[in-house]
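Data first, discussion second: the structure below is written as structure tokens.
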Amino acid sequence: MFKRLLTDSIAIVFGNLETVFKTCGAWFALQFVLSLIVLMIGGDISGEAEVGNLSGTGILLILISAVVALAASASIAVAWHRFGLLGEQPATFHLRLGPLELQFVWKLIQLFFISMLVLIPVMIVVSLLGMALPPVVGTLLAAGLMLFWIMPHLVRLNLALPAVAIERPMGIMEAHRLGNGLGWRMLWSLIVLSLPFLLVSMGLQYVLALAGASLPVVLIQIKVLVLNVLLQIIVTVLGISVITAGYRIATEQPETADKPELN
């Protein structure tokens, strides 16, 4: 099942690159323009600028960028889930934001708050244990707890998202039950697929910084931004594809109510 999650996610993305860029292109272009505007009025693409150093217009643009990013995430995810599960092709210039995407945003908000309700108490307990244990032991305990128990259960909740996208909504707990046995597989698929691109992005920033030492800082930042946009498109759609593939596998399986509970 883990292998199928990986192969299905890779196949749907790299076998349909034209659809990938149709789904993401307009939204990422809009975000790119907003980032350039923030940069030109004194922001910093690297995220190192302090809010106190920005003008009121700069802060407003950053807030607008955050709202656009949320809208883009919902619009892109809905379109990609519908393509992966229903075969529905997005428009060439995809900037759709309608009732379905707003429902998706609401589900994202619900998942965020549920995750916080779970993670905050766990982090407090881990911190208290860490004070009583050697640092290395505490770190390993926290990492193991998150990767092998907490996060797999939280990832299962994301199966509610493709259900919303294809207009077959389900509750959060129903999504958790549906994902029985898929949690750790989806989590590690996300890590395995994203890590190479994140490493490439970090490498590109380092190489560009060295190669562009004689260039104005703003030009280096723009170069980094352009390359990161392309990498982010692939990483974004690969991440969505794991959830799409997980939903497809989960809905193909027989009822799991009587099976032992797995992550």
Side-chain angles (χ1 to χ4, degrees), residues 1-28 30-32 66 68-86 88 90 94 96 100-101 104-105 107-112 114-115 119 146-147 150-166 172 175-176 178-179 182-202 204 227-251 263:
M1 198 180 296
F2 176 65
K3 181 180 179 181
R4 183 181 168 188
L5 279 168
L6 289 175
T7 55
D8 283 8
S9 302
I10 292 170
I12 193 173
V13 172
F14 292 99
N16 298 278
L17 285 175
E18 181 181 354
T19 305
V20 168
F21 287 102
K22 282 168 61 177
T23 304
C24 301
W27 280 112
F28 272 82
L30 178 58
Q31 291 176 284
F32 178 78
V68 170
L70 179 60
S73 297
S75 182
I76 289 168
V78 168
W80 192 253
H81 285 314
R82 292 183 71 84
F83 170 70
L85 296 169
L86 305 177
E88 181 178 296
H94 177 71
R96 179 183 170 84
L100 187 57
E101 287 75 20
F104 196 91
V105 168
K107 189 65 71 174
L108 282 174
I109 293 171
Q110 291 179 53
L111 290 175
F112 171 78
I114 290 171
S115 298
L119 290 174
M146 293 297 293
L147 287 175
I150 302 297
M151 292 306 298
H153 281 286
L154 293 179
V155 169
R156 286 165 60 174
L157 305 183
N158 285 278
L159 294 179
L161 297 174
V164 170
I166 62 172
I172 299 295
H176 185 266
L178 183 66
L182 280 168
W184 72 267
R185 293 176 171 91
M186 288 193 294
L187 175 62
W188 285 99
S189 295
L190 289 166
I191 293 171
V192 168
L193 292 173
S194 300
L195 188 59
F197 293 96
L198 295 176
L199 292 175
V200 169
S201 177
M202 292 170 61
L204 283 173
L227 291 169
N228 278 344
V229 164
L230 297 176
L231 289 172
Q232 286 171 21
I233 288 174
I234 300 298
V235 171
T236 296
V237 179
L238 277 172
I240 298 169
S241 297
V242 169
I243 307 301
T244 304
Y247 180 84
R248 184 186 298 110
I249 292 170
T251 53
N263 288 335

(message) How long is the straight-line distance from CD of E101 back to CG of L108, given to the nearest 0.5 Å?
(response) 11.5 Å
(request) Work out which heavy atom in L193 is nearest to a heavy atom in L238; give both atom names and the distance. (result) O-CD1, 4.0 Å
(message) I want to check something: taking the side chain as every heavy atom from C-beta on, are L154 and L157 in contact at a cut-off of under 4.5 Å?
(response) yes
(request) Report the distance from atom CE of M1 to atom CH2 of W184, rounding to the nearest 0.5 Å. (result) 9.5 Å
(message) Show the nearest heavy-atom pair for residues T19 and P90, with the distance to one decimal.
(response) CG2-CD, 3.7 Å
(message) Out of the candidates I249, I191, L159, only one should pair with M186 under the side-chain contact (heavy atoms from CB on, under 4.5 Å) rule; please name it.
(response) L159
(request) For residues R156 and H176, determine if any side-chain heavy atom of one lies less than 4.5 Å from a side-chain heavy atom of the other. (result) yes
(message) I need the minimum non-hydrogen distance between F28 and T236, along with the two atoms involved.
(response) CZ-OG1, 3.8 Å
(request) Take V155 and V242 through the side-chain contact (heavy atoms from CB on, under 4.5 Å) test and state the conclusion after the steps. (result) CA-CA 11 Å; V155 169; V242 169; over 6 Å; no
(message) Determine whether a donor-acceptor pair (N or O, by modelled atom type, separation under 3.5 Å) exists between the side chain of S75 and the backbone of A71.
(response) no
(message) Rounded at 0.5 Å granularity, tell me how far CG in N158 sits from OG in S115.
(response) 7.5 Å
(message) I need the minimum non-hydrogen distance between V235 and F197, along with the two atoms involved.
(response) CG2-CB, 3.3 Å
(request) Only counting residues at least two apart or in another chain, list the ones meeting side chain to side chain contact (heavy atoms under 4.5 Å, CB included) with A245. (result) L5, D8, S9, R248
(message) Test side-chain contact (heavy atoms from CB on, under 4.5 Å) on I234 and L231; report intermediate values, then the result.
(response) CA-CA 5 Å; I234 300 298; L231 289 172; over 6 Å; no
(request) Any chance you could measure L70, atom CG, to I109, atom CD1, to the nearest 0.5 Å? (result) 6.5 Å
(message) Measuring only between side-chain heavy atoms, which start at C-beta, is L85 closer than 4.5 Å to T251?
(response) no
(request) Would you please name every residue forming a ring-ring contact (aromatic ring centres under 6.0 Å, His included) with F104, sequence neighbours left out? (result) none
(request) Given side-chain contact (heavy atoms from CB on, under 4.5 Å), test T23 with F83 step by step and report yes or no. (result) CA-CA 9 Å; T23 304; F83 170 70; 5.9 Å; no
(message) Return the CG to CD distance between L198 and Q232, rounded to the nearest 0.5 Å.
(response) 9.5 Å
(request) Mind listing the closest non-hydrogen atom pair of I76 and C24 along with its distance? (result) CG2-SG, 3.7 Å
(message) Could you work out, with salt bridge (charged side-chain N to carboxylate O under 4.0 Å, His left out) as the rule, every residue matching R82, not counting sequence neighbours?
(response) E88, E167
(request) Please report the closest heavy-atom contact between A160 and I172, naming both atoms and the distance. (result) CB-CD1, 4.5 Å
(message) With rounding to the nearest 0.5 angstrom, report the NE2 to OG distance, H81 to S241.
(response) 8.5 Å
(message) side-chain contact (heavy atoms from CB on, under 4.5 Å), that's the test. Do L182 and Y247 meet it? Break it down for me.
(response) CA-CA 9 Å; L182 280 168; Y247 180 84; over 6 Å; no
